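For reference, the structure is listed below as structure tokens.
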Amino acid sequence: MKAATSLAFAIALVGLAASAQAAGPTADIGTIARGKYVAVIGGCNDCHTPHYPESGGKVPESEWLAGAPVGFQGPWGTTYPANLRLLAQSMSETQWVARFRTEMRPPMPWFNLVAMSDADVRALYHYVRSLGAKGEPAPAYVPPGQAAKTPVIVFVPQNPPVAVKAAAK
Ligand code: HEC
């Protein structure tokens with residue numbers, strides 16, 4: 001009887017270990033929470049959420065990742081941080097993963113997305129979808145040599161340096 005009980009206990013333990021392994025080390029905090037964590041430490045808000053870096057990350061979560069209407073201009077032309085919330089709503093999880101595996105234009109650190117595990121990319125998908133649709137799609141890419149119709153941040157070293165006034169608080 002005693003042997004049978006400890007055998008059952010051992011089997012239960014093995015089962016527990018197996019299910020913890022199958023779910024991965026992140027299952028305890030949940031997929032959506034994991035996606036939020038990846039978004040924050042992945043620095044996605046730094047570009048895809050207006051004013052996030054300047055405010056020290058103090059932009060309400062309801063505003064996160066809806067893209068930016070200010071372009072990044074450089075030798076690649078002018079690019080705009082995409083509205084990831086609309087993107088996630090318009091894509092299946094499989095399409096989202098495939099998009100994360102493709103090259104993008106600067107200064108999007110697409111190579112960091114390529115290095116991200118499938119589990120993290122999927123968690124991010126569920127997190128961004130959980131935020132819901134918000135805002136407009138970001139303006140379209142403008143090729144080099146063509147004028148952008150929006151304000152831009154110029155990614156070219158300025159010589160002599162340009163003095164920029166502090167923003168009014
Ligand atoms: C330095 C600024 C910057 C950072 C940081 C950044 N992005 Fe981007 N992202 C951009 C820009 C600019 C584009 C548009 C690139 C283009 O036009 O090819 C973009 C495009 C994308 C796209 C493609 C959108 C589409 O329409 O297909 C995805 C997906 C994306 N970013 C996800 C992320 C994620 C996830 C993170 C965080 C891990 C992140 N980005 C961090 C600037 C940034």
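None of these values were measured; they are calculated from a predicted model. Position 1 is the first residue of the sequence; numbering continues from there. Both counts, for ligands and for their atoms, begin at 1 and track the order of listing.
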**Prompt:** Between F100 and W110, is the ring centre distance below 6.0 Å?
**Reply:** no
**Prompt:** Can you get from V128 to M91 by hopping between Ile, Leu, Val, Met, Phe, Trp and Tyr side chains that sit under 4.5 Å apart?
**Reply:** yes
**Prompt:** Do you know which N/O/S atom name in H48 is closest to atom 8 (Fe) of ligand 1?
**Reply:** NE2
**Message:** Between W96 and L87, is there a side-chain heavy-atom distance shorter than 4.5 Å?
**Reply:** yes
**Request:** Applying side-chain hydrogen bond (donor to acceptor under 3.5 Å, both in side chains), run through E93 and H126 and close with a yes or a no.
**Result:** CA-CA 8 Å; E93 191 174 338; H126 291 288; 3.0 Å; yes
**For P107, the ligand 1 atoms whose distance to one of its heavy atoms is below 4.0 Å** = 1 (C), 12 (C)
**Asked** When clusters are formed by joining ILVMFWY residues with side-chain heavy atoms under 4.5 Å apart, either directly or through shared neighbours, do L124 and V114 land in the same one?
**Response** yes
**Message:** Under a 4.0 angstrom heavy-atom cut-off, which atoms of ligand 1 come close to L124?
**Reply:** 35 (C)
**Prompt:** Side chains of Y80 and T150: donor-acceptor distance under 3.5 Å anywhere?
**Reply:** yes
**Prompt:** Relative to Y141, does R105 satisfy both conditions: NZ or CZ under 6.0 angstrom from the six-membered ring centre, and within 45 degrees of the ring's axis?
**Reply:** yes
**Request:** Could you see which bit of P109 sits under 4.0 Å from ligand 1, with heavy atoms only: side chain, backbone, both or neither?
**Result:** side chain
**Item:** Distance from atom 27 (O) of ligand 1 to nearest protein heavy atom, with residue and atom
**Value:** R99 NE, 2.5 Å
**Asked** Near E136 CD, under 6.0 Å, is it more than 12 heavy atoms from other residues, nucleotides or ligands?
**Response** no
**Item:** Closest contact, heavy atoms only, E63 versus R85
**Value:** C-NH1, 3.8 Å
**Under-4.0 Å heavy-atom contact with ligand 1, by part of L113 that carries it** = side chain
**Prompt:** Does L131 belong to the same Ile/Leu/Val/Met/Phe/Trp/Tyr cluster as V40, with side-chain heavy atoms less than 4.5 Å apart forming each link?
**Reply:** yes
**Message:** If we set the cut-off at 4.0 Å for heavy atoms, which region of L87 has an atom near ligand 1: side chain, backbone, both, or neither?
**Reply:** side chain
**Request:** Can you pull out the closest protein heavy atom to atom 22 (C) of ligand 1? Residue, atom name and distance to 0.1 Å, please.
**Result:** M104 SD, 3.4 Å
**Request:** For atom 5 (C) of ligand 1, state which one of G43, P81, G67, G35 supplies the nearest heavy atom.
**Result:** G43
**Message:** Any heavy atom of Y80 closer to ligand 1 than 4.0 angstrom?
**Reply:** yes
**Request:** Just need the protein heavy atom nearest to atom 17 (O) of ligand 1, so name the residue and atom and give the distance.
**Result:** R105 NH1, 3.0 Å
**Request:** Give the numbers and elements of all ligand 1 atoms closer than 4.0 Å to a heavy atom of C47.
**Result:** 1 (C), 2 (C), 3 (C), 4 (C), 5 (C), 42 (C), 43 (C)
**Asked** How far is atom 12 (C) of ligand 1 from its nearest protein heavy atom, and which residue and atom name does that atom have?
**Response** T79 OG1, 3.5 Å
**Request:** Please verify whether a non-hydrogen atom of L84 lies at under 4.0 Å from ligand 1.
**Result:** yes
**Message:** As an exercise, identify every atom of ligand 1 less than 4.0 angstrom from a heavy atom of A82.
**Reply:** 24 (C), 26 (O)
**Asked** Could you give the distance from CH2 (W64) to NZ (K134), rounded to the nearest 0.5 Å?
**Response** 13.5 Å
**Message:** At a threshold of 2.8 Å, where the distance has to be below it, does atom 8 (Fe) of ligand 1 have an N, O or S atom of M108 nearby?
**Reply:** yes
**Prompt:** Considering only heavy atoms of F100, which atoms of ligand 1 have at least one such atom less than 4.0 Å away?
**Reply:** 29 (C), 35 (C)
**Atoms in ligand 1 with a heavy atom of C44 nearer than 4.0 Å** = 34 (C), 35 (C), 36 (C), 37 (C), 38 (C), 39 (C), 41 (C)
